[in-house]
Participant: 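Have a look at this one.
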2 protein chains.
Amino acid sequence: MTEPTTFLLHRVVAELDAYADTVLRQDYGVTFATFNFLAAASTLPGLDVTALARCAGMSKAAASKRLPTLVRDGMLTASPDPHHGRRLRIDLTPRALALVEHATERLEREFAAMLASRPDLDESVLRDQLEGLAHALETLPDPTPTSGES
Amino acid sequence: MTEPTTFLLHRVVAELDAYADTVLRQDYGVTFATFNFLAAASTLPGLDVTALARCAGMSKAAASKRLPTLVRDGMLTASPDPHHGRRLRIDLTPRALALVEHATERLEREFAAMLASRPDLDESVLRDQLEGLAHALETLPDPTPTSGES
DNA sequence: CCCCTCATGTCAACCAGTTGACAACCGGCA
DNA sequence: TGCCGGTTGTCAACTGGTTGACATGAGGGG
């Protein structure tokens, strides 16, 4: 039987991530997961923990637990929101911002170069399919319980 | 700035997985991670722990730890290899095999239907891009340390 | 003004991975 | 035969997620 498309997707993503992880460790001294977290925090300055968690695709408890070490390592600042006694404002330090921008640019450039090196690949075609897929998934009804099987 | 293609890829995969997870829980009583593990075990009968781990994309310790509960739940059998005192032969029970086949077929069918429902999407185009990408990644040189940056 | 509800961040307990170490076992070779 | 290196499965310690509970602060009606 031929490999399901979704399995193929996972394989590709896993290898892509493994590549990115070694680059990030070697040249930037961060883990892939940490990079993603910082990248999420970089989308908007002054996010609170809840928004950051949503943006990074994890629970707020997980986001909260990541803060202390990243603050200690000079990657983030977490300052109390003056307008709200409990909320935190989370910002990247200039160093972390530079890291995220540089690494993102580099990884994306290498990805584009890899695609360009093969005549059968075309980043815009891939993007179109992925964007269509993303859109199709957003407008997807929740799965209907089939209540068959086991 | 426009979203990097690799980030888009992650978003799509995350949503796809979330959908699959709810289907698998609702209708098959397994977690997405468990389903993947069983699917890996189903590729070849009689795999040993090491091969299964490689096939499932995890360490052998992790694979080893999963066994007892899956055996207890009647999903797997782990029998000592007669030709090798330490090696285990791991097989799916008929029930687990049926589960994997049924669920795989269903999820892939729904995926194809979603693609077919949008005129801008084409599964064969997507597959071609992904397969080319997979191949490009296999023949990729290890990342060269740039030794720049922080 | 108080109270009720909701949002926010954190904590404890748990779960499922990882790495590194290790005992048991295989197989080849002196 | 006995030893020795490599393989195999498992264990302990750790990491980084999850959920559910919780204290605290915000904000809007009685």
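In what follows, every chain begins at residue 1, and chains take the letters A, B, ... in the order their sequences are listed. For clarity, every value in this text was computed on a predicted model and none was experimentally measured.
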Participant: So does A/Arg66 get a side-chain nitrogen or oxygen closer than 4.0 Å to the phosphate oxygens (OP1/OP2) of D/dT15?
Facilitator: no
Participant: Rounded to the nearest Å, what distance is computed from the NE2 atom of residue B/His84 to the P atom of nucleotide D/dG6?
Facilitator: 15 Å
Participant: What distance separates A/Leu130 CG from B/Glu3 CD, expressed to the nearest 0.5 Å?
Facilitator: 9.5 Å
Participant: Categorize B/Thr50 for me: base, sugar-phosphate, or nothing, with a 4.0 angstrom heavy-atom threshold over every strand shown.
Facilitator: sugar-phosphate
Participant: Whether the side chain of A/Lys65 and the base of D/dG16 hold a donor-acceptor pair under 3.5 Å is what I'd like checked.
Facilitator: no
Participant: Nearest whole Å is fine: how far is D/dG16 P from A/Phe37 CZ?
Facilitator: 12 Å
Participant: Starting from the 5' end of DNA chain D, give me the residue, A/Arg87 or A/Thr34, whose nearest nucleotide shows up first.
Facilitator: A/Thr34
Participant: Distance from A/Arg89 atom CZ to A/His83 atom NE2, nearest 0.5 Å?
Facilitator: 8.5 Å
Participant: Could you give the start and end, 5' to 3', of the contact zone on DNA chain C for chain A, using atoms under 4.0 Å from its heavy atoms?
Facilitator: C/dT8 to C/dA13
Participant: Tell me whether the OP1 or OP2 atom of D/dT18 has a side-chain N or O from A/Ser59 closer than 4.0 Å.
Facilitator: yes
Participant: Starting at CZ of A/Arg127, measure out to CD of A/Gln129 and round the result to the nearest 0.5 Å.
Facilitator: 13.0 Å
Participant: Rounded to whole angstrom units, what separation is found between the CZ atom of B/Phe32 and the C1' atom of D/dT18?
Facilitator: 17 Å
Participant: Would you confirm whether the ring centroid of B/His10 sits within less than 6.0 angstrom of the ring centroid of A/Phe32?
Facilitator: yes
